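Only this structure's heavy atoms are used, side chains among them; waters, hydrogens and symmetry mates stay out. The structure displayed is predicted, hence computed values, not measured ones.
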Amino acid sequence: MSVRLFVKDNTDGKVHEYGTNPHDSLVLQEDGSLHYENLQNCTGTKYPEEGYSFCTISGKPPEDTDGETIVDIGGDRTGINCGRCKHRKNRRKCGGCRRNPDMKDRYQLDRKAIDAARKAVLG
């Protein structure tokens, strides 16, 4: 599946498809948000008033849901993160989730793994 992502320059209103400009980049922030940044002028979607905004092909804002801007860039949303599951190292117990991720039959959060990841990110 190919993903088409469009960005609007808020200074002149021009819309372009992400990847058609050699200065296009995507930046994953520590809070998990994804932002566009133009490497030539160092502006992007993090501060839309001085840079860019994600948009549809026609230049309209993307779907706005409960104050969060939703931009569909594809992928599966199973809700399962094996890195945080208590059974991730036990193949026998882990197999059920891998065969059918929507069931989440044995998925259990591993608090130790979550705390270790939080310490690694936040210091």
- Query: Shortest non-hydrogen contact from Phe54 to Tyr36?
  - Reply: CZ-N, 3.7 Å

- Task: Using the test side-chain hydrogen bond (donor to acceptor under 3.5 Å, both in side chains), find all partners of Thr20 that sit at least two apart in sequence or belong to another chain.
- Result: none

- For Val27 and Glu37, the nearest pair of non-hydrogen atoms, with its separation, is CG2-OE1, 3.7 Å

- Query: At what distance, to the nearest 0.5 angstrom, does CG of Leu39 lie from CG of Asn41?
  - Reply: 9.0 Å

- To the nearest 0.5 Å, atom NZ of Lys60 lies from atom OG of Ser53 at 15.5 Å

- Item | Asp9 and His16 side chains, donor-acceptor separation under 3.5 Å | no

- Query: Would you say the side chains of His35 and Ser33 form a donor-acceptor pair under 3.5 Å?
  - Reply: yes

- Task: Step through the shown structure and confirm whether more than 12 heavy atoms of other residues, nucleotides or ligands are within 6.0 Å of CD on Glu49.
- Result: yes

- Message: As a quick check of understanding, evaluate side-chain hydrogen bond (donor to acceptor under 3.5 Å, both in side chains) for Tyr52 and Asn10, giving each step before the final call.
- Response: CA-CA 5 Å; Tyr52 297 85; Asn10 293 331; over 6 Å; no

- Message: For the CG atom of Leu28 and the CG atom of Leu34, what is their distance to the nearest 0.5 Å?
- Response: 6.0 Å

- Task: Among Ile, Leu, Val, Met, Phe, Trp and Tyr joined by side-chain contacts under 4.5 Å, find the other residues sharing a cluster with Phe6 and list them by chain and number.
- Result: Val15, Ile57

